[in-house]
Every structure is written in C-alpha cells, then in structure tokens.
Amino acid sequence: MAGILDGKVALITGAGSGIGQATSRIFAREGAKLVLADVVEEGGNRTLKLVQDLGAQAIFVKCDGAQWSDVEAAVAKAVQTYGRLDCAYNNAGIEGKGGNTHECTEDNWNRVIAINLTGVWLCMKAEIAQMLKQGGGGAVVNTSSGAGLAGVRGMPAYVASKHGVAGLTRAAAIEYGRNGIRINAVCPGPIRTPMMGRLLHGRPDAEERFARSEPLKRLGEPEEIGEAVAWLCSDRASYVTGLPMPVDGGFMAT
C-alpha cells in the first residue's frame with residue numbers, strides 16, 4: 001500500500017536529531033524521496049543510514065540554514081538528484097541562551113534570529129522559487145513553536161524568532177496560494193528532544209511541571225510532530241494553508 005508521500009521529493013532541514021530525525025523516518029515510511037540537511041554531518045549521516053535501512057531513497061547534504069549559499073546548494077542538489085522538489089520541512093533551530101530580555105546579549109539575539117527565522121526565510125526563498133519554476137504546486141512546513149503563539153519568560157530571542165516564523169508562514173501562504181503552494185507551520189509544545197533535555201538539565205521537577213500544564217499530562221514525542229508534518233505535506237491536507245498548527249498536548253486550549 002502506497003504511503004501518503006509516495007514518490008514525493010522532500011527536503012528536511014535539521015534532520016540530524018530530535019524532531020527532524022523522527023520526521024525523516026516517518027517520511028521514509030510514507031514513501032518520500034529524501035534530501036536530509038543538517039549542519040552537523042555526524043547526525044545527518046546517522047539519519048541517512050536510518051532511512052536507507054527503511055528502504056528510502058535518500059541523500060545527505062551538509063547545510064547551514066542561515067547561509068544562502070548552503071540553502072541554494074541543498075535545493076539544487078535535490079533537483080540534480082531527483083529532478084524536482086515537492087515538499088520541504090524547515091525545521092533547523094536552536095534555543096539560544098536563557099535569560100530575561102534585558103539580559104539577552106546582542107550576540108545571542110543575532111544567532112537565534114539568524115538560525116530560527118532568517119534560516120527559515122532563506123529556505124522558503126529557495127524552495128518556493130524552485131516550486132514556481134516547476135509550474136507551481138508543493139507544500140512547505142516550518143517549525144514554529146508554542147512559544148510562537150504565546151509568550152514564554154526567559155527566552156526573548158527564541159520567542160521572537162518563533163513568532164516570526166508563524167507570521168512569515170501566514171504571509172507566504174497568502175502570496176503563493178494561487179500557485180498551488182501550501183505553506184503551514186507546526187507549533188510543538190514540550191517535546192522529548194535533545195533541546196528539551198538541555199532546558200530540563202539540572203531541574204528534576206521541570207518535566208513534571210511541564211506535564212501538569214498539558215491537558216494530556218505528558219511530554220510529547222518527536223514522532224508526534226513528524227506525523228503532523230507528514231500530513232501537512234501530503235495531498236490529504238490539500239485545503240490547509242496558512243496554519244500555525246499547535247501540536248502541544250492541548251496547552252493552547254487551556
């Protein structure tokens with residue numbers, strides 16, 4: 001039985017760990033041809049082996065999403081290898097250093113915005129241009145966050161970047177809907193990833209407090225985000241665009 005992404009060529013950034021790696025495995029299961037991108041070669045190659053073991057056609061490209069030359073090259077490699085680009089998941093991101101707004105350094109602000117927001121814009125710029133060159137049609141999903149829908153204390157650059165991704169997603173969806181290009185975002189709540197592990201480090205009660213704040217009373221798993229991304233990239237979500245979609249255990253409903 002064909003998967004919901006059968007035959008589609010997909011680019012996934014931040015594919016080397018966490019949500020990106022889980023999403024890559026789900027895309028492989030659903031039949032996509034994969035271009036896996038990450039700035040960390042070791043993690044990217046690890047994901048490459050995982051999806052190849054699942055039978056997927058896949059390549060890895062080293063890519064710093066905040067550098068236009070790297071992004072442009074990754075999209076070009078997808079086209080060179082598979083002839084087209086059908087969908088993309090712009091997922092690469094960092095949390096930056098914690099601290100209230102007046103404590104945030106300019107270096108921290110610039111780095112987080114460059115990777116989390118400018119990087120998403122650069123990826124969209126290259127991906128959408130290729131989809132238009134093909135004659136239109138396609139799907140792009142960006143990683144925003146629950147922190148892109150509501151305020152979170154102690155992470156000003158991260159919150160600003162993720163709100164920016166949600167807004168950029170909405171704006172681009174309006175621009176390219178007439179071309180059949182759907183653009184959405186996922187907004188994860190607290191997910192059991194290496195990033196969350198760093199945030200929880202040294203705070204044994206923090207996971208329990210996160211879980212208590214969710215109607216489902218638990219942290220999410222990376223695969224639960226990946227399933228949402230696969231659906232948004234598939235033809236089953238053909239009438240969905242401009243949506244920053246919470247995948248957060250119901251937190252935004254409280």
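Positions are given from 1, in the same order as the sequence printed here. Hydrogens, waters and symmetry mates are skipped; everything else that's a heavy atom, side chains included, is used.
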- Query: Taking atom CZ of Arg84 as the centre, does the number of heavy atoms from other residues, nucleotides or ligands within less than 6.0 Å exceed 12?
  - Reply: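 Result for CZ/Arg84: enclosed.
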
- Query: Do Glu227 and Arg29 meet the salt-bridge criterion of a basic N to acidic O distance under 4.0 Å?
  - Reply: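 Yes, this pair counts.
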
- Any ion pair linking Asp53 and Lys49 (charged N to carboxylate O, less than 4.0 Å)?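 Between Asp53 and Lys49 there is a salt bridge, with a charged N closer than 4.0 Å to a carboxylate O.
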
Check: [Y] main-chain N/O paired with [X] side-chain donor or acceptor under 3.5 Å:
X: Glu30; Y: Ala230; result: no
X: Asn108; Y: Lys97; result: yes
X: Thr47; Y: Gly43; result: yes
X: Asp38; Y: Gly16; result: yes
X: Asp86; Y: Val9; result: yes
X: Thr13; Y: Ala92; result: yes
X: Asp248; Y: Met252; result: yes
X: Glu103; Y: Asn100; result: yes
X: Thr241; Y: Ile183; result: yes
X: Ser144; Y: Lys162; result: yes

- Task: For Glu221, check salt bridge (Lys or Arg N to Asp or Glu O under 4.0 Å) against everything at least two apart and list the hits.
- Result: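 With sequence neighbours excluded, Glu221 shows a salt bridge (Lys or Arg N to Asp or Glu O under 4.0 Å) to Arg192, given in chain and number order.
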
- Item | Sequence-distant partners of Glu42, salt bridge (Lys or Arg N to Asp or Glu O under 4.0 Å), two or more places apart |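 By the salt bridge (Lys or Arg N to Asp or Glu O under 4.0 Å) rule, Glu42 matches Arg46.
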
So if you build clusters from Ile, Leu, Val, Met, Phe, Trp, Tyr with side-chain heavy-atom gaps below 4.5 Å, do [X] and [Y] land together?
X: Met131; Y: Val120; answer: yes
X: Met245; Y: Leu149; answer: no
X: Ile12; Y: Ile128; answer: no
X: Leu168; Y: Leu132; answer: yes
X: Ile19; Y: Leu232; answer: yes

Would you mind reporting whether [Y] and [X] have side-chain heavy atoms less than 4.5 Å apart?
X: Phe251; Y: Leu216; answer: no
X: Ile191; Y: Leu219; answer: no
X: Asn116; Y: Val165; answer: no
X: Leu85; Y: Leu11; answer: yes
X: Asn90; Y: Thr143; answer: no
X: Trp109; Y: Thr105; answer: no
X: Thr23; Y: Asn91; answer: no
X: Lys8; Y: Lys33; answer: no

Just to verify, what does [X] make a side chain to side chain contact (heavy atoms under 4.5 Å, CB included) with, not counting sequence neighbours?
X: Thr81; result: Ile59, Lys77
X: Ala28; result: Leu34, Val51, Leu54, Ala56
X: Lys125; result: Trp68, Trp121

To the nearest 0.5 Å, tell me how far [X] [atom1] sits from [Y] [atom2].
X: Asn142; Y: Thr169; atom1: CG; atom2: OG1; answer: 4.0 Å
X: Gln130; Y: Gln134; atom1: CD; atom2: CD; answer: 4.5 Å
X: Leu36; Y: Lys62; atom1: CG; atom2: NZ; answer: 15.5 Å
X: Cys63; Y: Glu41; atom1: SG; atom2: CD; answer: 12.0 Å
X: Ile4; Y: Asp235; atom1: CD1; atom2: CG; answer: 9.0 Å
X: Leu243; Y: Cys187; atom1: CG; atom2: SG; answer: 7.5 Å

So which heavy atom on [X] is nearest to which on [Y], and how close?
X: Gly44; Y: Phe60; answer: CA-CE1, 3.4 Å
X: Val35; Y: Ala78; answer: CG2-CB, 3.5 Å
X: Cys123; Y: Val71; answer: CA-CG1, 3.6 Å
X: Ile115; Y: Gly93; answer: CG2-CA, 4.0 Å
X: Val141; Y: Cys233; answer: CG2-SG, 3.7 Å
X: Val186; Y: Pro188; answer: O-CD, 3.4 Å

- Task: Considering only Ile, Leu, Val, Met, Phe, Trp and Tyr, and joining two whenever side-chain heavy atoms are under 4.5 Å apart, list the other residues clustered with Val39.
- Result: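 Answer for Val39: Val40.
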
- Query: Any side-chain donor paired with an acceptor under 3.5 Å for Ser24 and Tyr89?
  - Reply: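 No donor-acceptor contact under 3.5 Å links the two side chains.
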
- Task: Would you check, one step at a time, whether the test side chain to side chain contact (heavy atoms under 4.5 Å, CB included) holds for Gln52 with Gln57?
- Result: CA-CA 7 Å; Gln52 287 176 334; Gln57 296 183 55; over 6 Å; no

